[in-house]
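Residue numbers start at 1 and run along the sequence shown.
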Amino acid sequence: MLISDELPNIQRCQSPEKHADRPILQTMVCSPEVLASITDENLVRICQRRNMRVQTVLYQPWSPDEIHYDAAQIELCRRYRPLILHYTNFTMNRAFREDLEGYLWAVLVDSIYSYDTEGPVPFAGFVKAGIRYGQMNYFKHQRRQWQREIHLPDTTTDSDEKQLAMDQFASADCVEEEVMNREMEQQLRQRLVWAMSRLTETQRSLLRQVYGDSKSFTAISEELNCSRQAVQQRHERAIRKLRKYLTADHNNRNGS
């Protein structure tokens with residue numbers, strides 16, 4: 001059946017723009033009732049023909065000024081919307097459902113322009129197969145992506161506020177390197193405590209004054225009633241002894 005046979009009550013108008021490299025655009029204006037009576041295959045033919053489009057208005061008389069949208073593709077989308085929703089409502093994940101619905105709409109539009117209107121397969125079966133396999137392929141792609149991801153549980157802060165898992169880590173920090181640095185810092189701290197215990201009380205007091213209280217050799221010499229040079233020599237001896245124990249294996253010297 002020809003397309004024109006299904007449109008008994010239409011008005012034809014031609015676009016005023018003419019181009020030498022393409023045919024004149026023909027617009028077929030019809031009522032929604034007439035548009036709903038056109039078969040899927042003929043609506044697809046209209047979409048695939050570059051020089052034809054069907055547009056509809058709600059009342060007569062119809063004029064080119066009332067033409068606002070391409071009704072053939074919109075009518076096909078309206079007819080197959082329940083099918084798309086059928087294949088997207090199987091999941092309760094809202095974000096996944098919305099992404100899948102957008103993907104299946106793209107499959108439908110691609111099916112409209114790739115369908116062979118002269119072939120033996122009806123358009124309804126062609127679309128249903130495309131949407132079904134589109135859903136399966138999309139789910140397989142998402143499942144492969146999920147398998148490569150690491151899912152971390154959300155946590156609760158001290159103030160009972162929910163904190164997303166990824167917010168627990170600074171984006172610019174390397175977690176592995178941070179853990180290694182903490183372990184090395186703890187080992188150095190233990191080694192330093194052990195090495196300080198090997199010094200005499202006088203040497204430990206001198207190092208605490210120099211590095212803990214930031215006192216100068218002159219100030220310490222005035223408190224001890226000795227020369228600055230004597231304080232400097234004591235400091236050097238304490239540092240050499242401390243360095244000796246820091247470079248030694250303190251695990252083997254715990255008993256000494």
Rounded to the nearest 0.5 Å, how far apart are CD1 of I239 and CZ of R243? 6.5 Å
NE2/H86 to NZ/K128 distance, rounded to the nearest 0.5 angstrom? 7.0 Å
So, D213 side chain and K215 main chain: donor-acceptor pair closer than 3.5 Å or not? no
Taking all heavy atoms of L246 and all of L192, pick out the closest pair and write down the distance. CD2-CA, 3.8 Å
Do you know which of Y87, F96, Y133 makes ring pair (Phe, Tyr, Trp, His ring centres under 6.0 Å) with Y138? F96
Working to the nearest 0.5 angstrom, can you tell me the gap between N137 CG and R132 CZ? 12.0 Å
Using the rule that Ile, Leu, Val, Met, Phe, Trp and Tyr join whenever any side-chain heavy atoms are under 4.5 Å apart, tell me whether V193 and L206 fall into a single cluster. no
Roughly how far, to the nearest 0.5 Å, is OG1 of T200 from NZ of K241? 5.5 Å
Closest approach of G134 and L104, non-hydrogen atoms and distance? C-CD2, 4.0 Å
Is M196 reachable from L188 through a run of hydrophobic residues whose side-chain heavy atoms are each under 4.5 Å from the next? no
Might you point out which heavy atoms bring E101 and L85 nearest each other, and give the distance in Å? OE2-CD2, 3.9 Å
Would you call K244 and R198 a side-chain contact if the rule is heavy atoms closer than 4.5 Å? no
Would one find more than 12 heavy atoms of other residues, nucleotides or ligands at under 6.0 Å from atom CD of E236? yes
Is the shortest distance from a Lys or Arg side-chain nitrogen in R79 or D40 to a carboxylate oxygen in the other one below 4.0 Å? yes
Applying a strict under-4.5 Å side-chain criterion to I, L, V, M, F, W and Y, I'd like to know whether V107 and M136 cluster together. no
Could you pull out the closest heavy-atom pair between A238 and L199, with the gap in Å? O-CD2, 4.1 Å
Check the orientation of F123 and Y80. Use parallel for under 30°, tilted for 30 to 60°, and perpendicular for over 60°. perpendicular
Hey, can you tell me if Y245 and W194 have their rings parallel, tilted or perpendicular (30° and 60° cut-offs)? perpendicular
Whether R189 and E185 form a salt bridge (side-chain N of Lys/Arg under 4.0 Å from carboxylate O of Asp/Glu) is what I want to check. yes
Could you measure the distance from the CG atom of N42 to the OG atom of S37? Nearest 0.5 Å is fine. 10.0 Å
At their closest point, which heavy atom of I112 faces which heavy atom of C47, and how far apart are they? CG2-CB, 3.7 Å
Any Lys/Arg nitrogen of R208 or E201 sitting under 4.0 Å from an Asp/Glu carboxylate oxygen of the other? yes
With side-chain contact (heavy atoms from CB on, under 4.5 Å) as the test, would you mind laying out the steps for F217 and Q233 before giving the verdict? CA-CA 10 Å; F217 292 157; Q233 290 175 352; over 6 Å; no
Side chains of Q142 and D99: closer than 4.5 Å at any heavy-atom pair? no
How many angstroms lie between atom OG1 of T88 and atom CG of L83, to the nearest 0.5 angstrom? 9.5 Å
Would you indicate whether the side-chain heavy atoms of Y115 and Q48 approach each other to under 4.5 Å? yes
When the ring centroid of H235 is compared with that of Y211, is the distance short of 6.0 Å? yes
pair Y103-Q135: side-chain heavy atoms closer than 4.5 Å: no
Side-chain (E222) to main-chain (A219) donor-acceptor, under 3.5 angstrom: no
Nearest heavy-atom pair of C226 and R234: which atoms, and what distance? SG-NH1, 4.4 Å
